[in-house]
Amino acid sequence: MMSRAERTPLTDWWWTVDRGLLAALVALMVAGLVFLMGGGPPVAERIGLPTFYFLNRQAMYLAPTVLLICAVSFLSLRGIRRLALMTWVGGVALCLLAGKFGPEIKGAHRWIQFGSFGLQPSEFVKPAFVVVAAWAFSEGAQRRDMPGGLLGLLILPVTIIPLLLQPDFGQTMLITMTWSALIFVAGLHLIWVGVFGVVGLAGVFAAYTFFHHVRERFNRFFDQDSGDSFQEFWSRESFRSGSWFGTGPGEGIAKRHLPDAHTDFIFSVTGEEFGVIVCLCLVALFAYIVLRGLKLARRTDDTFSRLAITGLTTLFGLQACINMAVNTQLMPAKGMTLPFVSYGGSSLISLALGTGFLVALTRKRPRTVLLSQKPPGTAPSAVAGVKQ
C-alpha cells in the first residue's frame with residue numbers, strides 16, 4: 001500500500017489519478033479477452049491461422065497498451081498538448097500517404113505498411129485531434145491576441161479531407177460529431193450550432209450522393225432486399241439465438257458466418273454466447289466511463305482540461321455507441337471497432353493514447369500547477385473558468 005507521506009512520482013501519480021476510471025478501463029480490457037475467446041477462433045480457422053491467433057495477439061498488444069496509458073498519464077498539461085500536436089500532424093500526413101500509396105483493403109486505402117506491420121493512422125488522429133481542437137478553443141476563449149476559435153474551426157476540414165480521400169466515412173462522421181460536441185461545450189451560440197448541424201446533414205447527403213459504398217449501406221439498411229444483407233441477418237440472429245442468458249461460451253453459431261466476428265461484430269457474438277444481460281452489463285461499463293469522465297470534466301477549473309476531457313469522453317462513448325448500434329441494427333454498417341473489446345493492434349494502441357490523455361487530464365492538480373502551465377499573459381480568472 002502506498003503512503004501519502006512518500007513523495008515520489010509514482011506515489012504522487014497514485015494519489016492524484018482517478019482510480020475508478022482506471023479500474024473500469026482494466027475491466028474492459030479483461031472483458032475483451034474473454035469475449036474474443038468466442039469470436040476469434042472461428043475467424044482464425046476460416047483463414048487458415050492457429051485457433052487462438054487473435055486472442056494471443058490481443059493479449060500481446062495489451063502489454064504496450066497498459067504501458068502507454070501509464071506513461072501518457074504522467075504527462076503535464078504542456079506535455080499533453082505537445083504530444084497531441086505532434087501526433088496530429090504526423091497522423092494527418094500518414095493519412096494522406098495511405099490514401100495515395102497504401103494497400104487497398106475492402107475498397108479503401110486506410111493502412112500504411114511498415115514491412116509486416118500495418119498501421120491505420122486515422123486511429124491515432126482521433127484522440128490527438130480532440131486535444132488540439134480543445135487547446136485551440138480554450139486559447140481563443142482566454143487570449144484576445146490568439147485566433148483560437150478560427151483555428152479550432154479550420155482544424156476540422158484539415159483533418160477530415162484526408163479521411164474522405166481514403167475514403168473513410170465512418171471515422172469522418174465520428175470526428176465531426178465529437179468536434180460538434182466540443183464547440184457546443186466551448187460556448188458557441190446556439191444559432192451557429194444549428195448552422196453547423198445543417199452543414200453536417202448536407203455532408204451526409206453529399207456522402208450518400210457521391211460515395212457508392214455509403215449509398216449501398218444506407219439503401220441496404222432501409223431496404224434489406226436492395227442488396228446483400230448477410231452480415232445484418234446473422235448479427236440480428238445472434239441476439240435472437242442468445243436471448244437473455246446466452247447459448248454458452250463457445251456454443252454460438254452466428255460467429256461462424258460473420259466475417260468480422262472478432263472486430264466489428266464482436267458485440268453480436270457476445271450477445272449470442274453470453275446473453276443480453278451480459279451485453280447490458282457491458283453497456284453499463286461504457287456508460288460509467290463516459291459519465292465518470294463528464295463528471296470529472298465538470299469539476300475541473302481549467303478550460304483546456306474541461307474541453308479536452310469532454311471531447312475525449314465523447315469520442316470514446318460515440319465510438320462504442322456506433323459499434324453497438326450497428327450490431328443491433330439501429331444504424332447502417334460503419335466498420336467501427338468496440339473500444340478495448342474488438343481485436344486490433346492500431347485500435348488498441350490509439351485507444352491507449354486517448355485514454356492516457358484522459359487519465360492524465362483527470363488527475364487532481366493544485367491550482368498553482370495549473371497556473372504555472374498556462375501561457376504568459378493568460379489571466380488567472382480565465383484559468384479558473386471565468387468567462388472574460
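Since the model is a prediction, treat every value here as computed from it, not as a measurement. All values below were derived from every heavy atom in this structure, side-chain atoms included, with hydrogens, water molecules and symmetry-related copies excluded.
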Problem set entry | Distance-only donor-acceptor check, side chains Asp18 and Thr362, under 3.5 Å | no
Exercise. Do Met324 and Val276 belong together in a cluster built from hydrophobic side chains that touch within less than 4.5 Å?
Worked result: no
Exercise. Which atom names give the shortest non-hydrogen contact between Pro339 and Ala320, and what distance separates them?
Worked result: CD-CA, 3.8 Å
Exercise. Same cluster or not: are Leu296 and Leu318 linked, directly or through other Ile, Leu, Val, Met, Phe, Trp or Tyr residues, by side-chain heavy atoms under 4.5 angstrom apart?
Worked result: no
For this session: Determine, using the 4.5 Å side-chain heavy-atom cutoff (strictly less than), whether Leu49 and Phe52 are members of one ILVMFWY cluster.
Result: yes
Problem set entry | Partners meeting side-chain hydrogen bond (donor to acceptor under 3.5 Å, both in side chains) with Thr16 (sequence neighbours left out) | Arg363
For this session: For Phe35, check ring pair (Phe, Tyr, Trp, His ring centres under 6.0 Å) against everything at least two apart and list the hits.
Result: Phe274
Exercise. Which residues pass the ring pair (Phe, Tyr, Trp, His ring centres under 6.0 Å) test with Phe316, sequence neighbours left out?
Worked result: Phe286
Side-chain donor/acceptor pairs under 3.5 Å, residues 84-92, sequence neighbours excluded:
| unit_1 | atom_1 | unit_2 | atom_2 | d |
| --- | --- | --- | --- | --- |
| Thr87 | OG1 | Leu83 | O | 2.7 |
| Trp88 | NE1 | Thr159 | OG1 | 3.0 |

Seminar exercise, completed: The ring pair (Phe, Tyr, Trp, His ring centres under 6.0 Å) partners of Phe54 (sequence neighbours excluded) come to His262, Tyr343
For this session: Give, for atom CZ of Phe357 and atom CD1 of Ile309, the distance between the pair rounded to the nearest 0.5 Å.
Result: 13.0 Å
Exercise. Judged by atom type as modelled, is there a donor-acceptor pair below 3.5 Å linking the side chain of Arg46 to the main-chain atoms of Arg256?
Worked result: yes
For this session: Just jot down the side-chain hydrogen bond (donor to acceptor under 3.5 Å, both in side chains) partners of Thr337, sequence neighbours excluded, or say none.
Result: Gln319, Ser347
Exercise. Do the side chain of Ser73 and the main chain of Ala360 share a donor and acceptor less than 3.5 angstrom apart?
Worked result: no
For this session: Nearest 0.5 Å please: distance from the SG atom of Cys70 over to the CZ atom of Phe74.
Result: 7.0 Å
Exercise. Under 3.5 Å, is there a donor-acceptor pair between the side chain of Trp179 and the main chain of Gly152?
Worked result: yes
Exercise. Do Val158 and Leu153 share a hydrophobic cluster (ILVMFWY, side-chain heavy atoms under 4.5 Å, transitive)?
Worked result: yes
Exercise. Is the backbone of Asp264 close enough, under 3.5 Å, to the side chain of Asn327 for a donor and an acceptor to pair up by distance?
Worked result: yes
Exercise. Got a donor-acceptor contact below 3.5 angstrom from the Ser76 side chain to the Gly79 backbone?
Worked result: yes
Seminar exercise, completed: Given the options Glu123, Gln166, Arg110, Gln171 meets side-chain hydrogen bond (donor to acceptor under 3.5 Å, both in side chains) only with Glu123
